[in-house]
K.L.:
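Can you keep this structure in mind? I'll have questions shortly.
One is the number of the first residue; the rest follow in order along the sequence.
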Amino acid sequence: MLFLKSVFLAFCLCYFGFISSHAQSISQLQNRADSLYTNFLEQEAFEAYQKVLEKDSANFEALWRTSFLYSRIGHRKEEEEVQEEYYQKAKLLAERALAIDSTHSQANFVMGVAMGRMALISGTKERVAASRAIKKYASRAIRYDSTNAGAWHLLGRWNFRVANLSFVERLAANTLFGGISGDASTEKAVEYIQKAIALDNRFILYYHDLAEAYAEMGRKDNATNACKKALEKESLNAKDDDLKADCRNWIKKWKE
């Protein structure tokens, strides 16, 4: 009997030791991934979060952040087929995050981002359908957290894009979906992107898109000032240098 008790005790110590070690391993992986993510080391964070998901496929934080990184990194790929693969994975992970918590602001935001990226490489019908989904998820993200800067920027971009639909896109929207709900406008795009900047002014993309919206309104002085602010910002990823190049070219163009 004493022998059996000793064996049982040894088993318990080994089992719970394994569980504790496993939990510690995941925690360490996630802490590293979170640190890489907050320091904008996207590729490294992407790989680290994938390791977290290998060990814990329902890790909520890793799901929505990996979704966002799929969208971000996919946008930098040159081949459209590779982009589509990344965006589909971004959408899938966002769906899994929303299945865990449909009221989480960031989970809704990254779904909107994934849909927006997919729209960029889709046909007219799919692009218009995606536009409706982008508006839905961006609005939900803001409803659940009004301080979500990314969601305000996304809603601003939605307004700019819809307000400036091509004739073919607008015709498709009216024919297939009875139009696109909401009174989108470039003025609202400016308002919402400004809200995003007020909440988080680190991102060159926000100033770049604000400048584009101002230019569409004919407000070139405001557009130039937004570009100048973009050029003052530190580049946080490889795409930021391209955005700065846009701003430099726009400033030269608007001076002519």
K.L.:
Between atom OG of Ser71 and atom CD of Gln83, what is the distance when rounded to the nearest 0.5 Å?
P.N.:
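Atom-to-atom, Ser71:OG and Gln83:CD are 11.0 Å apart.
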K.L.:
Looking at Leu53 and Ala62, what are the two nearest heavy atoms and their distance?
P.N.:
CD2-CB, 3.7 Å
K.L.:
Looking at His104, is its backbone amide N or carbonyl O close enough to the side chain of Asn108 to form a donor-acceptor pair, meaning the two atoms are under 3.5 Å apart?
P.N.:
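Looks like yes, one N/O pair under 3.5 Å.
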K.L.:
Under the 3.5 angstrom rule, does the side chain of Ser146 hit a backbone N or O of Ile142 as a donor-acceptor pair?
P.N.:
no
K.L.:
Any side-chain heavy atom of Gln50 within less than 4.5 Å of one from Val52?
P.N.:
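No. Closest side-chain heavy atoms not under 4.5 Å.
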K.L.:
Please check if the side chain of Ser67 supplies one atom and the backbone of Leu63 the other of a donor-acceptor pair under 3.5 Å.
P.N.:
no
K.L.:
Indicate yes or no for a side-chain donor-acceptor contact from Asp200 to the backbone of Ala149 under 3.5 Å, with no hydrogens or angles considered.
P.N.:
no
K.L.:
Using a strict cut-off of less than 4.0 Å between a Lys/Arg side-chain nitrogen and an Asp/Glu carboxylate oxygen, indicate whether Lys233 and Asp240 qualify as a salt bridge.
P.N.:
no
K.L.:
Quick check: do Val110 and Leu93 have side-chain heavy atoms less than 4.5 Å from each other?
P.N.:
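Contact flag for Val110/Leu93 side chains = no.
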K.L.:
Quick check against the 3.5 Å criterion: does Asn39 have a side-chain atom that pairs as donor or acceptor with the backbone of Leu41?
P.N.:
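Not at all, since once roles are kept as given, no pair shorter than 3.5 Å links the two residues.
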K.L.:
Take Glu95 and Leu98 through the side chain to side chain contact (heavy atoms under 4.5 Å, CB included) test and state the conclusion after the steps.
P.N.:
CA-CA 5 Å; Glu95 287 173 345; Leu98 285 169; 5.7 Å; no
K.L.:
Under a 4.0 Å threshold between the charged nitrogen and the carboxylate oxygen, would Glu42 count as salt-bridged to Arg76?
P.N.:
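Answer for the salt bridge query: yes.
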K.L.:
Leu92 and Ile73: same hydrophobic cluster, using ILVMFWY side-chain contacts below 4.5 Å?
P.N.:
no
K.L.:
List the atom of Phe60, the atom of Ala97, and the distance in Å for their closest heavy-atom pair.
P.N.:
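So the two residues come closest at CE1-O, 3.2 Å.
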K.L.:
With sequence neighbours excluded, what pairs up with Arg157 under the salt bridge (Lys or Arg N to Asp or Glu O under 4.0 Å) test?
P.N.:
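If we apply the salt bridge (Lys or Arg N to Asp or Glu O under 4.0 Å) test to Arg157, skipping adjacent residues, the hits are Asp209, Glu212.
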K.L.:
I need the single residue from Thr224, Val190, Asp221 that forms a side-chain contact (heavy atoms from CB on, under 4.5 Å) with Tyr214. Which is it?
P.N.:
Val190
K.L.:
Determine whether Asp34 and Tyr49 satisfy the following criterion, side-chain hydrogen bond (donor to acceptor under 3.5 Å, both in side chains), listing intermediate values before the conclusion.
P.N.:
CA-CA 8 Å; Asp34 290 346; Tyr49 279 124; 2.4 Å; yes
K.L.:
Under 3.5 Å, is there a donor-acceptor pair between the side chain of Trp158 and the main chain of Ser131?
P.N.:
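Confirmed, Trp158 side chain pairs with Ser131 backbone.
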K.L.:
Mind running side chain to side chain contact (heavy atoms under 4.5 Å, CB included) on Thr66 and Lys89 for me, showing each step along the way?
P.N.:
CA-CA 9 Å; Thr66 308; Lys89 288 180 179 177; over 6 Å; no
K.L.:
For residues Met111 and Lys91, determine if any side-chain heavy atom of one lies less than 4.5 Å from a side-chain heavy atom of the other.
P.N.:
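Sidechains of Lys91 and Met111: in contact.
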K.L.:
Please test Arg96 against Ser57 for side chain to side chain contact (heavy atoms under 4.5 Å, CB included), starting from the C-alpha separation and ending with a verdict.
P.N.:
CA-CA 10 Å; Arg96 286 167 56 186; Ser57 61; 3.7 Å; yes
K.L.:
Can you name the nearest heavy-atom pair linking Ile204 to Ala230, along with the distance?
P.N.:
CG1-O, 3.7 Å
K.L.:
Would you mind checking if Glu232 and Lys228 are paired as a salt bridge, meaning a charged N to carboxylate O distance below 4.0 Å?
P.N.:
no
K.L.:
Counting C-beta onward and ignoring hydrogens, is there a side-chain heavy-atom pair between Arg202 and Phe40 closer than 4.5 Å?
P.N.:
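A side-chain contact under 4.5 Å exists here.
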K.L.:
Taking the six-membered ring for Trp, is the centroid-to-centroid distance between Tyr86 and His75 below 6.0 Å?
P.N.:
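No.
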K.L.:
Using 4.0 Å as the upper bound for N to carboxylate O, is an ion pair formed by Glu47 and Lys51?
P.N.:
no
K.L.:
Rounded to the nearest 0.5 Å, how far does OH of Tyr207 lie from CG of Leu231?
P.N.:
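Reported to 0.5 Å precision, the distance equals 12.0 Å.
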K.L.:
When rounded to the nearest 0.5 angstrom, what is the spacing between SG in Cys247 and CG in Asp242?
P.N.:
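Nearest 0.5 Å value for the SG-CG distance: 11.5 Å.
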K.L.:
Check Ala141 against Ser105 and note the closest heavy-atom contact, atom names and distance.
P.N.:
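It is O-OG, 2.7 Å.
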K.L.:
Should Leu155 and Tyr144 be regarded as members of a common hydrophobic cluster, given that ILVMFWY residues are connected when their side-chain heavy atoms come within less than 4.5 Å of each other, either directly or indirectly?
P.N.:
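They do not share one cluster, since no chain of ILVMFWY contacts under 4.5 Å joins Leu155 to Tyr144.
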K.L.:
Who else is in Trp254's hydrophobic cluster (ILVMFWY, side-chain heavy atoms under 4.5 Å, direct or via others)?
P.N.:
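Trp250, all in the cluster of Trp254.
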K.L.:
Atom NZ of residue position Lys229 - does it have more than 12 heavy atoms of other residues, nucleotides or ligands inside 6.0 Å?
P.N.:
no
K.L.:
Tell me whether Phe203 is reachable from Trp152 by hopping between hydrophobic residues (I, L, V, M, F, W, Y) whose side-chain heavy atoms are closer than 4.5 Å.
P.N.:
no
K.L.:
In the structure I gave you, are the side-chain heavy atoms of Tyr37 and Leu69 within less than 4.5 Å of one another anywhere?
P.N.:
yes
K.L.:
Distance from Glu187 atom CD to Glu216 atom CD, nearest 0.5 Å?
P.N.:
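Glu187 atom CD to Glu216 atom CD measures 10.0 Å (nearest 0.5 Å).
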K.L.:
Taking only residues two or more places apart in sequence, or in another chain, which ones meet Ala48 in a side chain to side chain contact (heavy atoms under 4.5 Å, CB included)?
P.N.:
Arg32, Ala33, Leu36
K.L.:
Would a hydrophobic clustering, with Ile, Leu, Val, Met, Phe, Trp and Tyr connected at side-chain separations under 4.5 Å, put Ile134 with Phe68?
P.N.:
yes
K.L.:
For the residue pair His208 and Cys227, establish whether any side-chain heavy-atom pair is separated by less than 4.5 Å.
P.N.:
no
K.L.:
To the nearest 0.5 Å, how far apart are NE2 in His153 and CG in Leu210?
P.N.:
9.0 Å
K.L.:
Under 6.0 Å from the ring centre and within 45 degrees of the ring axis: does the NZ or CZ of Arg140 meet both conditions for the six-membered ring of Tyr137?
P.N.:
yes
K.L.:
Report the distance from atom OG of Ser35 to atom CD of Glu44, rounding to the nearest 0.5 Å.
P.N.:
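So the OG of Ser35 and the CD of Glu44 are separated by 11.0 Å.
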K.L.:
Nearest heavy-atom pair of Ala107 and Asp101: which atoms, and what distance?
P.N.:
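Closest approach of Ala107 to Asp101, heavy atoms only: CB-O, 4.1 Å.
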K.L.:
State, yes or no, whether a side-chain contact exists between Gln88 and Met118 at a heavy-atom distance under 4.5 Å.
P.N.:
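Of all side-chain heavy-atom pairs linking Met118 with Gln88, at least one is under 4.5 Å.
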K.L.:
Hydrophobic cluster membership, with links at side-chain heavy-atom distances under 4.5 Å among I/L/V/M/F/W/Y: are Leu154 and Leu205 in one?
P.N.:
no
K.L.:
Checking the side chain of Asn31 only, and the main-chain atoms of Ser27 only, is there a donor and an acceptor separated by less than 3.5 Å?
P.N.:
yes
K.L.:
Would you name the heavy atoms of Met115 and Ala133 that are closest together and state the gap between them?
P.N.:
CE-CB, 3.7 Å
K.L.:
Where the side chain of Asn201 meets the backbone of Ile197, is there a donor-acceptor pair that is under 3.5 Å apart?
P.N.:
no
K.L.:
Does the gap between the ring centers of Tyr70 and Phe46 come in under 6.0 Å?
P.N.:
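That pair passes the under 6.0 Å test.
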